[in-house]
Amino acid sequence: MSIFTHDFKTTPYWWEAARPSDDMAEPLPEQTEVAVVGSGYSGLSCALELARSGINVTVIEQNEIGWGASSRNGGMLSTEPKFANPDELRRKFGAQTTERILEDGRATFDNLTEVVEREGIECHLERNGRFVGAHAPKAMRSLEAKARELETDGVEGFELISRERLHEVTESDYYYGGLLSNDGGCLHPGLYQQGLVKACKRHGVRMCAQTQVKQLERDLDGFTVHTTKGVVRANEVVIGTNGYTSSTTPWHQRRLVPLGSYIIATEELPVEHVESMFRNFCTMSNTQRILFYYRPSSDHRRVVFGGRASFRETDALTSSQQLYEYLCQVFPSLKGTRITHGWSGNVAFTFDHLPHMGMHEGMHYCMGCNGSGVQMMSFLGRQIALKIQGKTNRPCGFDDIPFSTRPFYRGDPSWVLPALGNWYRLRDRFERLLA
Ligand SMILES: Cc1cc2nc3c(=O)[nH]c(=O)nc-3n(C[C@H](O)[C@H](O)[C@H](O)COP(=O)(O)OP(=O)(O)OC[C@H]3O[C@@H](n4cnc5c(N)ncnc54)[C@H](O)[C@@H]3O)c2cc1C
């Protein structure tokens, strides 16, 4: 039996409710105060904040508005974003910057909630907690150590779940226990993206779809933005291209490692079945180096399951088959369930695993979501807008921290990623075999 339904689609499941479109697109103007390149969460959040203050903004997008990762992701959120170890950050950036990074990291969830409520965006924002499963006993010991650290830091709202108690959280037997915490949530990424587009339009943002920025020239009075649909003059430019950053901005390209992430969605299931996999409909991921992330769909009728199906460019059918295998390893009760959608999108990793915002050659940018950008890129886009207007009391924690690259790296990781990815996957498998 085929694992695919007869009407299987290689477009995101989220697009059934909110498909990126050119409906609201307009022609390129001759002049704009701020030109924003990219129409994802970062570009739109920046544009919205500027337009709310009456600033003339033009968003320029090479595809349909909202075509990038922002309408393709898993929609998983966390009130406690994970960054590198705080002690490591302190060693690198000093105490003050580290405190800002941690403080701003925590502010990202509240920022998202505030915008969603203020703009009346109906995107099924839920706060149902999250579970991180330990793929091996060693990984469980690391989670135990993390739990002790959290306790020492006075963090509340988490619980270690032993292997014996796993069925209180999920019907799966895949894990050696895990960490359940209150701090997780999720939303419908497509509806959130669409809500931002509508909010931008209400506040007068001009959207130019199917318009690729080819070249950016700076002079004494601002910028000339050369696009496939002509030229626009701008006082300020904001780059929000994340995993789709290209040689149009080579400095940024050299600092990002773009990587494909893949997702599948199952056909509809009984709600009780979904609840038996996800207690309280929480989101889930695991401790593997090449991790899976998964959640119930917003109507709690499907499983949406994502991961790094491949480290080479691959087609949706092949990646979906691979993910389906992983899905059935975690939830054997889904064997025989078919999948309706399988798709992919690009994320952007950085060499220090931190997201970055700042200014280079007079242009503002925010990028480097490292796989977790729903709330982060929304926050950073807004921070750029506040910075442009001089409305911030202090620099954002992620602003102008060193944004490093590596010698000889030009932005194409395809020669090293397959080997590295397979090595990590092998280690994950070996640890499970050993267990
Ligand atoms: C499959 C997948 C699953 C994910 N799951 C999660 C998750 O569960 N939780 C989470 O927090 N994050 C997740 N992420 C990450 C998150 O989606 C991204 O961090 C976020 O959407 C990035 O937003 P952005 O606006 O910076 O970039 P994007 O949304 O990618 O937008 C960039 C846009 O720039 C446009 N562009 C690029 N170059 C040009 C040019 N020269 N001219 C004009 N336009 C240009 C592109 O077409 C694109 O539309 C996931 C990502 C993917 C791909």
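None of the values given here were measured: they were computed from a predicted structure.
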Using 30° and 60° as the class limits, which term best fits the ring planes of Phe305 and Phe292: parallel, tilted or perpendicular?
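The rings of Phe305 and Phe292 sit tilted, inter-plane angle from 30° to 60°.
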
Of all the heavy-atom pairs spanning [X] and [Y], show the shortest one and how long it is.
{"X": "Met284", "Y": "Met277", "value": "CE-O, 3.2 Å"}
{"X": "Ser378", "Y": "Leu112", "value": "OG-CD1, 4.3 Å"}
{"X": "Leu160", "Y": "Met140", "value": "CD2-CE, 3.8 Å"}

When the ring centroid of [X] is compared with that of [Y], is the distance short of 6.0 Å?
{"X": "Tyr174", "Y": "Tyr326", "answer": "no"}
{"X": "Tyr365", "Y": "Phe403", "answer": "yes"}
{"X": "Phe379", "Y": "Phe398", "answer": "no"}

Find the distance between OG1 (Thr11) and CD (Glu16) and round it off to the nearest 0.5 Å.
6.0 Å

Find the distance between CG (Leu180) and CG (Leu143) and round it off to the nearest 0.5 Å.
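If I round to the nearest 0.5 Å, the distance is 11.5 Å.
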
Working note: Gln383 + Asp399, criterion side chain to side chain donor-acceptor pair (under 3.5 Å); need CA distance, chi angles, decisive distance, verdict.
CA-CA 9 Å; Gln383 287 296 314; Asp399 192 354; over 6 Å; no

Can you see whether [X] engages [Y] through a side-chain donor-acceptor pair at a distance of less than 3.5 angstrom?
{"X": "Asn73", "Y": "Tyr192", "value": "no"}
{"X": "Glu88", "Y": "His353", "value": "no"}
{"X": "Thr224", "Y": "Arg233", "value": "yes"}
{"X": "Ser71", "Y": "Trp15", "value": "yes"}

Considering only NZ, NE, NH1 and NH2 on the basic side and carboxylate oxygens on the acidic side, decide whether Lys201 and Glu26 come within less than 4.0 Å.
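Between Glu26 and Lys201 there is a salt bridge, with a charged N closer than 4.0 Å to a carboxylate O.
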
Using a 6.0 Å distance limit plus a 45 degree cone around the ring axis, check whether Arg255 lies over the aromatic ring of Trp251.
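Satisfied, under 6.0 Å and within 45°.
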
